[in-house]
Amino acid sequence: MSDRLSVFKTYKLYVGGKFPRSESGRVYEVTDSKDNWLANAPLSSRKDARDAVVAARKAFGGWSGATAYNRGQVLYRVAEMLEGRREQFAREVADAEGLSKSKAAAVVDATIDRWVWYAGWTDKIAQVTGGANPVAGPYFNLSSPEPTGVVAVVAPQESSFLGLVSVVAPVIATGNTAVVIASEKAPLPALSLGEVLATSDVPGGVVNVLSGRTAELAASLAAHQDVNAIDLAGADEELAKELEIAAADNLKRVLRPQPVDYFETPGTERMTAFLETKTVWHPTGSLGAGGSSY
């Protein structure tokens, strides 16, 4: 009986709810920590980045218009699906980051818990960042948060899965849509995450995952006029400076890179970074002995 040949996985981008190969047809080799070949990953072009922005913009209206409770259900569903594929992601994280099986499994468990954590915040962040404001006058003054729009995310380079989810989940939890540049040297967990998102009730276009040269793709997204904000988590200091200058052209919100222990419980900073505050004034009418008058 002949030995069976294993079936190699073909990794693809995740754009607009579909799995295209790079528009350029190019790939690049992904290796493990010992330089052993793992797979060929799509080498995304600037055209792929533009397509991803179009998909994210198209999805923004429906996603931002969904109830916060519904977004929480969808994020929780992602965690459910990841729970069923723990072994696959543990293997990919172990290969990508040179970790032992037990440490990689701990990373995957923390990543699943991170999705659950942000799922619980979707219908609570408005109470933290909004509310009634005290004003000196016969007015109601109410502030409420609204999503910024399309957010480009430069995912962490070293933390290919936990770090990735820690920067993507807060973006979409608050109603934004995302174009994500996966870790350049370890993109496989991010590309596999696209397969999970596609089967987790996340509408197509809400999260778009690109792999390739970080500097090339990030420069295109930082200068893109229809991108509203950019998270530079995975950019080094020199690249971050260049991207921040490019982002200033259309006044993008910019979240600069900072040292983060992704195993620590996150605060609300990454959610509030991509929220706008809308304030509404409404007259209360004249208050007299007879009560309110409208």
Side-chain angles (χ1 to χ4, degrees), residues 9 11-19 52 55-56 58-60 62-93 96 104-125 147 150-153 155-156 159-183 186-211 231 233-234 262-263 265-266 268 270-271 274:
K9 181 172 180 177
Y11 287 90
K12 298 181 182 179
L13 308 177
Y14 181 57
V15 176
K18 299 179 180 180
F19 296 93
K58 184 177 180 181
F60 176 69
W63 184 243
S64 61
T67 65
Y69 176 72
N70 179 244
R71 286 199 298 271
Q73 288 179 308
V74 172
L75 265 65
Y76 187 82
R77 177 63 174 164
V78 176
E80 287 182 352
M81 298 299 288
L82 281 175
E83 188 76 32
R85 297 177 64 168
R86 288 176 68 254
E87 291 186 7
Q88 174 200 342
F89 279 96
R91 287 195 304 270
E92 290 186 342
V93 170
V107 168
V108 174
D109 288 344
T111 304
I112 295 170
D113 294 345
R114 190 60 41 85
W115 277 113
V116 175
W117 196 85
Y118 278 111
W121 267 105
T122 57
D123 59 356
K124 300 173 183 65
I125 189 66
V150 176
V151 180
V153 178
S159 185
S160 63
F161 194 44
L162 177 58
L164 167 80
V165 169
S166 296
V167 296
V168 173
V171 170
I172 65 171
T174 49
N176 298 288
T177 54
V179 177
V180 184
I181 305 173
S183 167
L188 304 188
L191 297 175
S192 290
L193 179 63
E195 299 172 3
V196 173
L197 297 174
T199 55
S200 301
D201 302 328
V202 179
V206 170
V207 179
N208 305 274
V209 182
L210 305 173
S211 59
D231 184 343
Y262 290 110
F263 277 99
T265 300
T268 60
R270 287 194 176 275
M271 288 185 285
F274 304 117

Check whether more than 12 heavy atoms from other residues, nucleotides or ligands sit under 6.0 Å from atom [atom1] of [X], and answer yes or no.
| X | atom1 | answer |
| --- | --- | --- |
| Lys124 | NZ | yes |
| Phe19 | CZ | yes |
| Glu80 | CD | yes |

Hey, does [Y] have a side-chain heavy atom less than 4.5 Å from the side chain of [X]?
| X | Y | result |
| --- | --- | --- |
| Tyr76 | Val116 | yes |
| Val107 | Phe263 | yes |
| Leu82 | Val108 | no |
| Trp121 | Thr174 | no |
| Pro266 | Arg114 | yes |

Rounded at 0.5 Å granularity, tell me how far [atom1] in [X] sits from [atom2] in [Y].
| X | Y | atom1 | atom2 | result |
| --- | --- | --- | --- | --- |
| Arg86 | Asp109 | CZ | CG | 4.0 Å |
| Ser192 | Arg85 | OG | CZ | 6.5 Å |
| Met271 | Thr122 | CE | OG1 | 9.5 Å |
| Thr111 | Phe161 | OG1 | CZ | 5.0 Å |
| Glu195 | Gln88 | CD | CD | 6.5 Å |
| Asp123 | Arg71 | CG | CZ | 9.5 Å |

Kindly say whether Thr265 contributes a backbone atom to a donor-acceptor pair with the side chain of Trp117 at under 3.5 angstrom?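 Not a single qualifying donor-acceptor pair exists.
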[X] and [Y]: which non-hydrogen atoms are nearest, and at how many Å?
| X | Y | answer |
| --- | --- | --- |
| Val206 | Ala59 | N-CB, 3.8 Å |
| Ala186 | Ala96 | CB-CB, 3.7 Å |
| Thr177 | Val171 | O-CG1, 4.1 Å |
| Pro189 | Phe89 | O-CE2, 3.6 Å |
| Arg270 | Ser166 | CD-O, 3.6 Å |
| Leu191 | Lys12 | CD2-O, 3.4 Å |

Check Leu164, Asp231, Leu210, Leu193 against Val180 for a side-chain contact (heavy atoms from CB on, under 4.5 Å) and give me the one that passes.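 Going through the options one by one, the only one that passes is Leu164.
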Go through Val74 and Ser200 one step at a time and tell me if the side-chain contact (heavy atoms from CB on, under 4.5 Å) criterion holds. CA-CA 7 Å; Val74 172; Ser200 301; 5.8 Å; no
What do the steps show when you test Trp115 against Val196 for side-chain contact (heavy atoms from CB on, under 4.5 Å), and what is the final call? CA-CA 12 Å; Trp115 277 113; Val196 173; over 6 Å; no
